[in-house]
Amino acid sequence: MRIAYILLDPGIGVFGTKGASVHVQEVILALRADGHDVTVFCTRVDEHVPADLSDLEVRRHRLPKGTGAEREQAVATAAGEIAAAITAGGFDLAYERYSLFSDALARLADPAAGPPVPGILEVNAPLIEEQRRHRHLHDESAALGATRAQLQAAQVVSCVSPAVAAWSRGQGAEPDRVVVTPNGVNTARITPRPHRGADLGTAGTARTADIAGTADEADATVTVGFVGTLKPWHGTDLLLRALARTHGDLRLDICGTGPQQEELEQLAAELGIADRVLLRGAVAPELVPAVLHGLDIAVAPYPAGEHYFSPLKVYEYLAAGLPVVASAIGTIPEVLRDGELGMLVEPGDIDALAAALDTLAADPARRDRLGRAAREAALAEHDWRSRCRGLLARMEVTVR
């Protein structure tokens, strides 16, 4: 099948390093792994091109520089031009990641514009509410109009969580077209770390040593890890405060960057734990598996509040065979089987988080048991290929 993948969000590069970019890459990889021919239509590329996507056809529509209002209009214009190119290209299917002001799928479904192209709309967040709350929305009526047109035109509306699915139905999506598709993980890319002392004489393992430190260093302490963007709603500040209250010999490895990085560096210094905390900054997706190999415990310390996410990091932790400590919020308890694959703590409870870290740090047998169960769950339930196959199967039923 010839699939047009559409990404008009100017904040997400196809080959970027943050979670949204990883999500884009993994969906494309999963589709290609099953033999589909994928062409990407986007507004932003970035430069971290993984080797397994080096031959991907990417058609970039550059947005002109301008004010917020001008950028909004530019995305709407790009949507029209990209839809026309897809119609002319004879694609079998369009798969669009929901972006504000894009109505590309709605245009592709309009028979007046040419032969209709069936479409899947992937909705990762209630973007109108996010933009209104965290940034600025200049033309809210246009954003609402495009959103509703997209939701009504898509044959399948794929939502990352029940909360996002409810929001999509509230914005006009046909209920029988809405399906919850949580995030997943590439279980061939994210693997458990090799056993210490095994023959590790490969290029990949050399990279692991470079990133994670020597085996002697890793054995001297228990390494707690966080992978993700450093934003307030990810709770990384809570993790630092919890580390300061632990009693064991723990260090913290933070993989990712974001607007809180400088603030977190200062907080670590104020708490007197700067020598126990590594803030790596941005890490290319292909290097993340090596970082995960250097961890003993992985954490998703979300604070209390609204939580409609499907945390990509949690699925990566599971695939890496890591015991997880996470906030009992949103869909996380279900993903962790209410504690079978890790330890759940109340969101925002720093003392509970510290106690959970100390408990796992002191019990390597439990860590090993949880890690093995986590990997098995990732393989059986959460691989990106099975996620995409399920969507395409639903698409075939809907189109018929």
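Owing to the predicted nature of the structure, the values given are computational and were not obtained by experimental measurement.
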Any chance CZ of Arg62 has more than 12 other-residue heavy atoms, nucleotides or ligands included, within less than 6.0 Å? no
Work out which heavy atom in Ala143 is nearest to a heavy atom in Leu100; give both atom names and the distance. CB-CD2, 4.2 Å
Looking only at heavy atoms, what is the nearest atom pair of Ala320 and Ile190, with distance? N-CG2, 3.6 Å
Give every residue pair that meets the side chain to side chain donor-acceptor pair (under 3.5 Å) criterion with at least one member in residues 343-366, sequence neighbours excluded. Arg245-Asp351
side-chain hydrogen bond (donor to acceptor under 3.5 Å, both in side chains) with Arg367: which residues, sequence neighbours excluded? none
Check this for me: does any side-chain nitrogen of one of Arg189 and Glu316 sit under 4.0 Å from a carboxylate oxygen of the other? yes
Following the transitive rule for hydrophobic clusters with a side-chain heavy-atom cut-off under 4.5 Å over Ile, Leu, Val, Met, Phe, Trp and Tyr, establish whether Leu230 and Val277 coincide in one cluster. yes
Is the cationic atom of Arg387 (NZ for Lys, CZ for Arg) positioned less than 6.0 Å from the six-membered ring centroid of Tyr315 and within 45 degrees of its normal? yes
In terms of relative ring orientation, are Tyr98 and Trp167 parallel, tilted or perpendicular, with 30° and 60° separating the classes? tilted
Taking NZ, NE, NH1 and NH2 as the nitrogens, is one of them in Asp34 or Arg385 under 4.0 Å from a carboxylate oxygen of the other? yes
All heavy atoms of Tyr308 vs all of Ala125, minimum pair found to be CE1-CB, 3.8 Å
Between the OG1 atom in Thr246 and the CG atom in Leu357, the distance rounded to the nearest 0.5 Å is 7.0 Å
Between Thr87 and Leu108, is a side chain to side chain contact (heavy atoms under 4.5 Å, CB included) present by the stated rule, with each step listed? CA-CA 7 Å; Thr87 298; Leu108 290 167; 3.3 Å; yes
Note: Asp296-Arg193 ion pair, threshold 4.0 Å (strictly below): yes
